[in-house]
Amino acid sequence: QEVQKEFINCIEDGGWEPVMDAIRNSKAVLQATIDGKEEYVAEMIEQVHQENISILKYNDENSMSCVLSLAYYAARKDYVMYRELAGGKGFADIVFVPRKFRDVPAIVVELKWDKSAKGAISQIRQKQYCKSLEEYAGNILLAGINYSKKDKEHQCIIEKIVK
């Protein structure tokens with residue numbers, strides 16, 4: 001931990017403040033997801049999307065997956081992240097599987113374009129994406145994220161499955 005603290009001090013003192021801000025924001029997005037703060041999560045994902053994706057590729061599914069990887073970068077401390085993880089009757093866009101001895105819920109994320117976040121949650125349930133987590137004994141969060149191409153707004157719905 002001493003080495004980690006010193007590393008953070010070096011980054012903060014060495015002109016890397018924007019990187020530290022991004023990491024802090026990422027921690028906040030993860031915690032907001034766990035806490036079910038849907039509007040905050042949507043706002044932060046929208047901010048990351050606007051700041052990091054070229055207008056030429058803004059409406060691209062791969063770009064949105066990259067946005068989520070950036071928005072949740074700090075999750076790598078407690079989770080292993082899988083993109084397009086097979087489960088049930090299809091592939092979940094992103095699944096966060098807790099690392100051993102971490103007291104955090106698993107998270108299954110489905111992305112939608114010009115549809116609805118509620119529809120994304122329905123797809124997770126209908127296609128049984130949580131089957132990829134059958135051996136996991138803890139709680140699971142379902143996160144549906146929709147992006148509107150017309151107004152470039154993001155919407156998020158989070159549901160909790162208690163095991």
Side-chain angles (χ1 to χ4, degrees), residues 1-12 14 16-49 51-53 61-112 117 120-147 154 156-163:
Q1 246 181 343
E2 288 179 40
V3 173
Q4 182 182 17
K5 286 180 184 176
E6 193 57 37
F7 176 71
I8 290 170
N9 287 338
C10 288
I11 289 175
E12 287 176 332
W16 289 85
E17 291 85 4
V19 173
M20 289 307 302
D21 289 343
I23 292 171
R24 284 187 198 98
N25 287 342
S26 178
K27 288 179 185 177
V29 171
L30 177 61
Q31 190 59 53
T33 302
I34 292 169
D35 294 341
K37 296 179 179 176
E38 300 165 334
E39 287 183 29
Y40 179 80
V41 171
E43 288 171 12
M44 292 303 290
I45 289 172
E46 187 170 317
Q47 179 181 333
V48 171
H49 200 168
E51 291 175 357
N52 293 283
I53 302 300
E61 182 175 344
N62 188 53
S63 293
M64 190 61 179
S65 290
C66 291
V67 164
L68 284 169
S69 292
L70 285 171
Y72 287 100
Y73 187 78
R76 295 172 193 280
K77 176 182 172 202
D78 294 325
Y79 292 92
V80 177
M81 294 171 59
Y82 297 95
R83 287 176 62 179
E84 301 297 332
L85 183 65
K89 301 174 185 173
F91 298 87
D93 287 329
I94 302 176
V95 177
F96 296 75
V97 178
R99 295 184 185 278
K100 288 183 180 182
F101 311 113
R102 303 287 199 226
D103 186 23
V104 292
I107 306 170
V108 178
V109 179
E110 181 62 26
L111 303 170
K112 290 291 176 198
I121 296 288
S122 294
Q123 181 173 327
I124 292 170
R125 292 183 181 280
Q126 289 171 351
K127 294 203 174 187
Q128 303 171 354
Y129 292 157
C130 293
K131 285 212 179 252
S132 63
L133 297 167
E134 282 182 331
E135 294 180 21
Y136 174 69
N139 295 332
I140 300 172
L141 298 177
L142 310 181
I145 299 171
N146 181 61
Y147 164 70
H154 297 68
C156 177
I157 291 181
I158 301 168
E159 291 185 5
K160 185 176 188 177
I161 298 175
V162 180
K163 283 188 155 186

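Index from 1, following the sequence. Computed from a predicted model, the values in this text were never measured in an experiment.
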Subject >> Stepwise side-chain contact (heavy atoms from CB on, under 4.5 Å) check, Glu46 with Cys156 >> reply: CA-CA 10 Å; Glu46 187 170 317; Cys156 177; over 6 Å; no
Original post:
Okay, side chain of Gln128, backbone of Lys89: is any donor-acceptor separation there less than 3.5 Å?
Top reply: no
Subject >> side chain to side chain contact (heavy atoms under 4.5 Å, CB included) involving Lys112 - partner list, sequence neighbours excluded >> reply: Glu110, Lys115, Ala120, Gln123, Asn146
Original post:
Roughly how far apart are Tyr147 OH and Leu111 CG, rounded to 0.5 Å?
Top reply: 12.5 Å
Original post:
Would you find more than 12 non-hydrogen atoms of other residues, nucleotides or ligands less than 6.0 Å from Phe91 atom CZ?
Top reply: no
**OP:** Tell me, please, which residues at least two apart from Gln47 pass side-chain hydrogen bond (donor to acceptor under 3.5 Å, both in side chains).
**Re:** Glu51
**OP:** Tell me, please, which residues at least two apart from Ile140 pass side chain to side chain contact (heavy atoms under 4.5 Å, CB included).
**Re:** Ala106, Val108, Cys130, Leu133, Tyr136, Leu142, Ile161, Lys163
Subject >> Note, Asp93 side chain near Glu84 side chain (heavy atom, < 4.5 Å) >> reply: yes
Original post:
Sub-3.5 Å donor-acceptor pair from the side chain of Ser132 to the main-chain atoms of Gly87, do we have one?
Top reply: no
Original post:
With a cut-off of 6.0 Å (strictly less than), are more than 12 heavy atoms of other residues, nucleotides or ligands near CD of Gln31?
Top reply: yes
Original post:
Where the side chain of Thr33 meets the backbone of Val29, is there a donor-acceptor pair that is under 3.5 Å apart?
Top reply: yes
Original post:
Considering residues at least two apart in sequence or located in another chain, which fulfil the side chain to side chain contact (heavy atoms under 4.5 Å, CB included) criterion with Arg99?
Top reply: Val80, Arg102
Subject >> Minimum heavy-atom distance Ala143-Ile124, with the two atoms named >> reply: O-CD1, 4.0 Å
**OP:** Evaluate the side-chain proximity of Ile107 to Ile158: yes if any heavy-atom separation is below 4.5 Å, no if none is.
**Re:** no
Subject >> Closest contact, heavy atoms only, Ile34 versus Leu141 >> reply: CA-CD1, 3.7 Å
**OP:** Only counting residues at least two apart or in another chain, list the ones meeting side chain to side chain contact (heavy atoms under 4.5 Å, CB included) with Val3.
**Re:** none
**OP:** Specify whether His49 and His154 have parallel, tilted or perpendicular ring planes, treating 30° as the upper limit for parallel and 60° as the lower limit for perpendicular.
**Re:** perpendicular
Subject >> Closest approach of Ala75 to Ser26 (non-hydrogen atoms, all atoms of both residues) >> reply: N-OG, 4.5 Å
Original post:
Who passes ring pair (Phe, Tyr, Trp, His ring centres under 6.0 Å) against Phe96, sequence neighbours left out?
Top reply: Tyr72, Tyr79
**OP:** Give the minimum heavy-atom separation between Ile121 and Gly144, together with the two atoms involved.
**Re:** CD1-N, 3.4 Å
Original post:
With a cut-off of 6.0 Å (strictly less than), are more than 12 heavy atoms of other residues, nucleotides or ligands near CG of Asp21?
Top reply: yes
**OP:** Could you tell me the separation between the SG atom of Cys66 and the CZ atom of Arg83, rounded to the nearest 0.5 Å?
**Re:** 5.0 Å
